[in-house]
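The structure appears below as structure tokens.
Residue numbers count from 1 along this sequence.
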Amino acid sequence: MVREISAGGVVIRKREDAWWMAAIEPPDDSARTATGASPRAAKAKTVLALPKGLVDPGEKPLETALREVQEETGVTAELIAKLADIKYVYTRSWGDGSRVFKIVSFYLMRYRAGRINEISPAMRIEVARALWVPLQDAPTLLAYKGEKQMAKRALEYVQSHSEV
């Protein structure tokens, strides 16, 4: 079985006494299927996900997460804490149709700068749009089980760490 190692971020910011989280919307079914969701299920509603991507050779997972956040959302962020690793298996809908064992390391990050959705035209093949969503709603808004869990962990973290 093929293995893939990825990393991503749960980027949060506080505005008007509420926590917000950066999310992305993939552009089409091929992007959704690559993350393990069935295309038919994905069409039922807007699919929201967390920014993430493959760890490049020589790159550390945190570096990947910071890079992917900037590329896919248009914002820069800084590390607060590692949330967890999620693991799952999916079947590629392209190329050889291989089954893939995937590990994604997720980090909780604080927004530093930038404008959400100001991303390069080349990124539009991966991201239709990036947007801020209320962190408290994120566990129900995100499409994928593991990412829902990461949003819940982020919410629990900010509720238990007043210094954030």
* Asked: Quick check: does any side chain N or O of S98 sit under 3.5 Å from a backbone N or O of V100, one acting as donor and the other as acceptor?
  -> no
* Begin from the C-alpha positions of V11 and T73 and carry the test side chain to side chain contact (heavy atoms under 4.5 Å, CB included) through to its verdict. => CA-CA 10 Å; V11 180; T73 68; 5.7 Å; no
* Asked: Is it true that R67 and E63 have a side-chain N and a carboxylate O under 4.0 angstrom from each other?
  -> no
* To do: Answer yes or no: is there an ion pair linking E78 with R110, defined by an N-O contact shorter than 4.0 Å?
  => yes
* Kindly indicate, with the supporting measurements, whether the criterion side chain to side chain contact (heavy atoms under 4.5 Å, CB included) is fulfilled by V75 and M109. => CA-CA 11 Å; V75 303; M109 301 175 180; over 6 Å; no
* Asked: Backbone N or O of A49 within a donor-acceptor pair of the E147 side chain at under 3.5 Å?
  -> no
* Check the pair V69, Y111 against side chain to side chain contact (heavy atoms under 4.5 Å, CB included), reporting the backbone distance first and the verdict last. => CA-CA 10 Å; V69 161; Y111 165 83; over 6 Å; no
* Asked: Would a distance-only check, ignoring hydrogens and angles, find a side-chain to backbone donor-acceptor pair under 3.5 Å from K102 to E4?
  -> no
* Listed by chain and number, what are the ring-ring contact (aromatic ring centres under 6.0 Å, His included) partners of W20, not counting sequence neighbours? -> none
* L108 to A154 - nearest heavy-atom pair and separation -> CD1-CB, 3.7 Å
* Measure across V55 and P61 and return the closest heavy-atom pair with its distance rounded to 0.1 Å. => CG2-CA, 4.2 Å
* To do: Treating Ile, Leu, Val, Met, Phe, Trp and Tyr as nodes and any side-chain heavy-atom pair under 4.5 angstrom as an edge, say whether L142 and V158 lie in one connected cluster.
  => yes
* Is there side-chain contact between W19 and L155, with heavy atoms separated by less than 4.5 Å? -> no
* Is it possible for you to say whether L135 and L141 belong to one hydrophobic cluster, with membership spreading through side-chain heavy-atom contacts below 4.5 Å? => yes
* Is a side-chain donor or acceptor of Y90 paired with a backbone partner of S93 at a separation under 3.5 angstrom? -> no
* Which heavy atom of E68 sits nearest a heavy atom of A7, and at what distance? -> CG-O, 4.3 Å
* Asked: side chain to side chain contact (heavy atoms under 4.5 Å, CB included) between L131 and L48: does it pass, once the steps are laid out?
  -> CA-CA 9 Å; L131 64 156; L48 294 179; 3.9 Å; yes
* Would V164 and L79 show up in the same hydrophobic cluster when neighbours are defined by side-chain heavy atoms closer than 4.5 Å? -> no
* To do: Look only at the side chain of R153 and the backbone of L83, and say whether a donor-acceptor pair between them is shorter than 3.5 Å.
  => yes
